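Taking it in order: structure first as structure tokens, then the write-up.
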Amino acid sequence: MTTPAEIRPIPYAPAYEVPEDEEQVTTFDLKDTMHGISVKTFQDSGRAIRSVHAKTHGLLVGELTVEGGLAPAYAQGLFAQSGRYPVVIRLSTTPGDILSDDVSTPRGLSMKVVGVPGSRVEGSEDATTQDFVLVNGPVFTAPTAKKFLGSAKLLASTTDKVPNLKRAFSAVARGAEKVIEAVGGESATLKSLGGHPETNPLGETYYSQVPILFGDYMAKVSVAPVSPDLTALKDAPVDLKDKPDGLRDAVVDYFSGHGGEWELRVQLCTDIDKMPIEDASVEWPEDLSPYVTVARLRVAPQEAWSVERARKIDEGMQFNPWHALAAHRPLGSIMRVRKEVYAMSKRFRAERNGVEIAEPSSVDHILDKH
């Protein structure tokens with residue numbers, strides 16, 4: 001395997017980003033599809049929620065430490081120099097409706113780094129945050145924006161439909177996934193439809209799945225647990241029978257007495273053919289470019305969910321990869337079409353709920369510090 005010292009990343013070039021045919025039409029249709037999910041769930045509940053990753057399982061505040069001495073290729077953007085930054089973390093699952101946790105779907109971890117100086121992407125000029133939106137699988141379920149639209153339409157058609165049937169299908173899908181994994185395989189489709197194993201989200205490694213600019217280069221990002229109490233939770237089962245919020249209960253129970261540490265890792269693009277920007281379904285080979293640690297994330301024991309914390313974070317914030325430094329601009333068609341979808345979702349939630357959704361300049365108000 002290639003070692004970090006041997007990595008020769010490819011400098012970013014605009015030619016690596018190639019808009020799809022009718023990408024503007026795809027953007028409009030995706031925004032319309034996600035808006036439809038939001039309208040449906042708002043009509044049912046009276047609250048405007050996210051059109052994906054609607055259900056929260058934990059809300060945390062921690063600290064990201066960027067160590068000095070990184071190799072030049074990794075000392076880019078946020079990671080160009082040592083520093084410590086407050087961080088807000090949201091743990092979630094993927095559907096756009098609020099389901100019982102025994103409809104078991106992929107897990108998400110969104111992280112907002114606060115107080116980051118530097119030039120910003122367009123639309124994020126007034127903020128000082130850098131967001132990373134991650135899922136517990138290395139690749140995206142669709143290669144391109146147009147294929148993603150097809151998946152989103154399927155998601156929209158099943159939003160809030162016969163939840164008991166979804167629970168029954170999830171049980172069948174989990175069984176099928178176990179059979180596939182027993183012979184060394186894996187089905188992202190089955191997992192996305194409810195076949196994800198009923199495991200603790202705190203034991204998972206999370207991935208950006210799609211690339212971002214990394215200063216002069218291009219990269220994918222991951223967050224992996226490294227403290228013993230967290231690594232012990234890898235594949236650890238959670239009993240979700242008759243526990244609709246069992247995942248949240250598990251997260252709250254853990255952080256009531258434990259802290260945790262993760263590594264934030266970066267995989268640089270070294271071969272544009274084998275590590276494409278415009279096909280998000282391709283897993284970048286780690287033998288060509290391994291994930292390298294560029295920062296550490298630490299979270300102390302705390303109350304991992306409360307009504308007040310949900311008001312401040314769930315309702316008062318948005319986690320969006322376009323909250324970013326110019327050095328970490330999102331790349332590829334999936335990321336490009338997401339930009340307007342995130343803007344629509346923010347407006348919808350703010351208007352319907354009568355709340356201001358803003359980027360924080362500190363996290364003191366979350367911890368009730370004055």
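As the structure is a prediction and not an experimental result, all values here were calculated from the model.
When all heavy atoms are compared, the tightest approach of Y207 to N136 is CD1-C, 4.4 Å. Of all heavy-atom pairs spanning P197 and S104, the tightest one is O-OG, 3.4 Å. Nearest heavy atom pair, residue M218 against residue L331, reads CG-CD1, 3.7 Å. For L247 against P201, the heavy-atom pair with the smallest separation is CD2-CD, 3.9 Å. Nearest heavy atoms, I334 versus P143: CG1-O, 4.4 Å. The two residues N320 and Y342 have their closest heavy-atom pair at ND2-CB, 3.3 Å.
The distance from atom CG of D32 to atom CE of M344, rounded to the nearest 0.5 Å, is 8.5 Å. Atom-to-atom distance recorded for I37:CD1 and T33:OG1 is 7.5 Å, nearest 0.5 angstrom. Interatomic distance, M335 CE to S333 OG, rounded to the nearest 0.5 Å: 11.0 Å. One distance of note links OG1 of T205 with CG of L230; it measures 10.5 Å at 0.5 Å rounding. Remark: Q318 CD to K346 NZ distance equals 6.0 Å, nearest 0.5 Å. Within the model, atoms OG1 of T26 and NZ of K31 stand 13.0 Å from one another, a figure rounded to the nearest 0.5 Å.
Counting heavy atoms from C-beta on, the side chains of I272 and C269 come closer than 4.5 Å. At a threshold of 4.5 Å between non-hydrogen side-chain atoms, the residues D29 and L149 count as touching. Between P290 and I7 there is a side-chain heavy-atom pair separated by less than 4.5 Å. Counting heavy atoms from C-beta on, the side chains of M111 and L297 come closer than 4.5 Å. Contact check for L78 versus Y85: side-chain heavy atoms found under the 4.5 Å cut-off. Using a 4.5 Å heavy-atom threshold, the side chains of L202 and V251 count as touching. The shortest side-chain heavy-atom distance between H35 and S51 does not fall under the 4.5 Å cut-off. When side chains are defined from C-beta on, S38 counts as touching F348, because their heavy atoms get closer than 4.5 Å.
Using modelled atom types and a 3.5 Å distance limit, the side chains of E359 and T129 yield a donor-acceptor pair. Side-chain contact of T93 with H57: a donor-acceptor pair under 3.5 Å is present, judged by distance alone. Counted by atom type alone, Y12 and R329 present one or more donor-acceptor pairs between their side chains at under 3.5 Å. In the model, Q130 has no side-chain atom that pairs as donor or acceptor with a side-chain atom of R120 under 3.5 Å.
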I'd like to know whether R50 forms a side-chain contact (heavy atoms from CB on, under 4.5 Å) with F319, so could you lay out the CA-CA distance, the side-chain angles of the two residues, the decisive distance to 0.1 Å, and finally the verdict.
CA-CA 10 Å; R50 292 165 173 84; F319 295 84; 4.1 Å; yes
Criterion side-chain contact (heavy atoms from CB on, under 4.5 Å) on E198 and K241, from CA distance to verdict
CA-CA 10 Å; E198 294 179 317; K241 182 175 175 58; over 6 Å; no
Evaluate side-chain hydrogen bond (donor to acceptor under 3.5 Å, both in side chains) for E263 paired with T293, printing each intermediate quantity in order.
CA-CA 6 Å; E263 290 179 350; T293 301; 2.8 Å; yes
Show the numbers, then the answer: is there a side-chain contact (heavy atoms from CB on, under 4.5 Å) between D279 and T144?
CA-CA 6 Å; D279 187 342; T144 63; 5.7 Å; no
Quick one, Q302 with V61, criterion side-chain contact (heavy atoms from CB on, under 4.5 Å). Give me CA distance, side-chain angles, the key distance, then yes/no.
CA-CA 8 Å; Q302 60 190 270; V61 176; 4.1 Å; yes
Is there a side-chain hydrogen bond (donor to acceptor under 3.5 Å, both in side chains) between R248 and T56? Walk through the geometry before answering.
CA-CA 7 Å; R248 180 187 298 167; T56 301; 5.7 Å; no
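Ion pairing between a basic and an acidic side chain is recognised when a charged N comes within 4.0 Å of a carboxylate O; E20 and R336 show no such pairing. A salt bridge links K55 with D101: the closest approach of a Lys/Arg side-chain nitrogen to an acidic carboxylate oxygen falls below 4.0 angstrom. Ion pairing of R296 with E67 is absent here, as no side-chain N (NZ or NE/NH1/NH2) approaches a carboxylate O to less than 4.0 Å. One finds no salt bridge joining D314 and R309 here, because no Lys/Arg side-chain nitrogen approaches an Asp/Glu carboxylate oxygen to under 4.0 Å. Residues K146 and D21 are not paired through a salt bridge, judged by the lack of any N-O separation under 4.0 Å between the basic side chain and the carboxylate.
Checked by atom type and distance alone, the side chain of S227 never pairs as donor or acceptor with a backbone atom of G260 at under 3.5 Å. Side chain of E278 to main chain of E17: no donor-acceptor pair is present (N/O by atom type, distance under 3.5 Å, no hydrogens or angles). Side-chain N or O atoms of H328 include none that pairs as donor or acceptor with a backbone N or O of A324 at under 3.5 Å. The backbone N or O of E286 sits nowhere less than 3.5 Å from a side-chain atom of S289 that would complete a donor-acceptor pair. A donor-acceptor contact shorter than 3.5 Å is absent between the side chain of S281 and the backbone of A142. No side-chain donor-acceptor contact under 3.5 Å links S345 to the backbone of V341. No side-chain donor-acceptor contact under 3.5 Å links Y217 to the backbone of R8.
Heavy-atom neighbours of R47 CZ from other residues, nucleotides or ligands within 6.0 Å: above the threshold of 12. Few gaps surround CD on E125; more than 12 heavy atoms of other groups in view lie less than 6.0 Å from it. In the displayed structure, E340 atom CD is contacted under 6.0 Å by at most 12 heavy atoms of other residues, nucleotides or ligands.
The aromatic ring centroids of F148 and F140 lie less than 6.0 Å from each other.
V135 and W322 are members of different hydrophobic clusters when ILVMFWY side chains are connected at heavy-atom separations under 4.5 Å. Linking ILVMFWY side-chain heavy atoms closer than 4.5 Å, directly or via other members, places Y291 and L64 in two distinct hydrophobic clusters. In this structure, V88 is a member of the same hydrophobic cluster as V307, with clusters built from ILVMFWY side-chain heavy atoms closer than 4.5 Å. Residues I10 and L213 share a hydrophobic cluster, clusters being chains of Ile/Leu/Val/Met/Phe/Trp/Tyr side chains in contact below 4.5 Å. In the hydrophobic cluster analysis, where Ile, Leu, Val, Met, Phe, Trp and Tyr join through side-chain heavy atoms closer than 4.5 angstrom, I49 is grouped apart from M317.
Applying the salt bridge (charged side-chain N to carboxylate O under 4.0 Å, His left out) test to pairs two or more places apart or on separate chains, none has a residue in residues 210-236.
Just one residue in the list V221, L91, V133 forms a side-chain contact (heavy atoms from CB on, under 4.5 Å) with Y206, and that residue is L91.
Using a 30° and 60° split on the angle between ring planes, F79 and F214 fall in the parallel class, below 30°.
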